[in-house]
S.K.: 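Can you keep this structure in mind? I'll have questions shortly.
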Amino acid sequence: MKSANFLSVFSVLWSVSVLAADIKENKIYHFYQPSCPHCHEAIEYINNRYPKVDMVLVDITQGKKNFDLFSACAGKFKLGNQIGTPLFCMGNHYIMGWSEEQQKQFDQYIKEFEQ
C-alpha cells in the first residue's frame with residue numbers, strides 16, 4: 001500500500017513540475033474565472049492601459065490542464081492552499097487579487113515585459 005501511495009504522490013509532483021516548466025518566464029499569465037468580478041476589472045484595466053500587452057488568459061474552470069497550470073503557478077510562488085483569482089504570474093513576480101495596490105504592482109512589473 002505504501003508503494004501505491006508513493007507512486008500517487010510522485011505522479012502528482014511530477015505533473016506539477018512538468019506544468020511549472022510550462023510557465024515561461026517571458027510571458028504574463030492571467031488566471032481567472034468567468035464569474036469573478038475582480039478578474040473582469042483586471043482585464044478591463046489592462047486592456048485600457050496596456051492594449052498591446054501579450055498576456056496568456058487562462059480560465060481555470062475550463063479543464064484540468066488549465067487548473068493544473070494555475071496550481072503550478074501557485075506552487076512556483078509557494079502560495080499554499082490560499083490561492084484565488086485573479087492570479088498573475090509575471091516572470092519572478094506574482095499578483096493575487098485586484099485592488100489599487102495590485103494595479104500599482106502590475107504597473108511596476110509590466111515594465112519588464114514592455115517592448
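Nothing fancy with the numbering, it's 1 onward along the sequence.
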S.K.: With sequence neighbours excluded, tell me which residues meet side chain to side chain donor-acceptor pair (under 3.5 Å) with Q33.
M.R.: T85
S.K.: Go through the steps for E44 and R49 under the test salt bridge (charged side-chain N to carboxylate O under 4.0 Å, His left out), then give the verdict.
M.R.: CA-CA 8 Å; E44 183 177 337; R49 191 131 188 208; over 6 Å; no
S.K.: Residues two or more places apart in sequence or in another chain: which of them pass side chain to side chain donor-acceptor pair (under 3.5 Å) with E112?
M.R.: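 Scan of E112 (side chain to side chain donor-acceptor pair (under 3.5 Å), adjacent residues dropped) gives H93.
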S.K.: Is N66 reaching over with its side chain to a backbone N or O of D59, donor-acceptor style, under 3.5 angstrom?
M.R.: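 Checking the backbone N and O of D59 against the side chain of N66, a donor-acceptor pair under 3.5 Å is found.
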S.K.: Would N92 and Y109 count as having a side-chain donor-acceptor pair, cut-off 3.5 Å?
M.R.: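 Note: N92 and Y109 side chains miss the donor-acceptor criterion.
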S.K.: List the steps, then state whether side chain to side chain contact (heavy atoms under 4.5 Å, CB included) holds for K65 with F67.
M.R.: CA-CA 5 Å; K65 183 174 181 180; F67 189 82; over 6 Å; no
S.K.: With ring-ring contact (aromatic ring centres under 6.0 Å, His included) as the criterion, how do Y32 and W98 come out once you've worked through the C-alpha distance, each side chain's angles and the decisive distance to 0.1 Å?
M.R.: CA-CA 11 Å; Y32 74 98; W98 196 253; over 10 Å; no
S.K.: Is there a side chain to side chain contact (heavy atoms under 4.5 Å, CB included) between C89 and F77 once you walk through the steps?
M.R.: CA-CA 9 Å; C89 286; F77 294 104; 3.9 Å; yes
S.K.: Are any side-chain N or O atoms of H30 and backbone N or O atoms of L87, one a donor and one an acceptor, separated by less than 3.5 Å?
M.R.: no
S.K.: Parallel, tilted or perpendicular for Y29 and F31, by the 30°/60° rule?
M.R.: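 Rings of Y29 and F31: parallel, under 30°.
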S.K.: Would you check, one step at a time, whether the test side chain to side chain contact (heavy atoms under 4.5 Å, CB included) holds for I46 with I28?
M.R.: CA-CA 12 Å; I46 294 163; I28 299 171; over 6 Å; no
S.K.: Yes or no on side chain to side chain contact (heavy atoms under 4.5 Å, CB included) for D54 and F113, after CA distance, side-chain angles and deciding distance?
M.R.: CA-CA 8 Å; D54 183 20; F113 297 90; over 6 Å; no
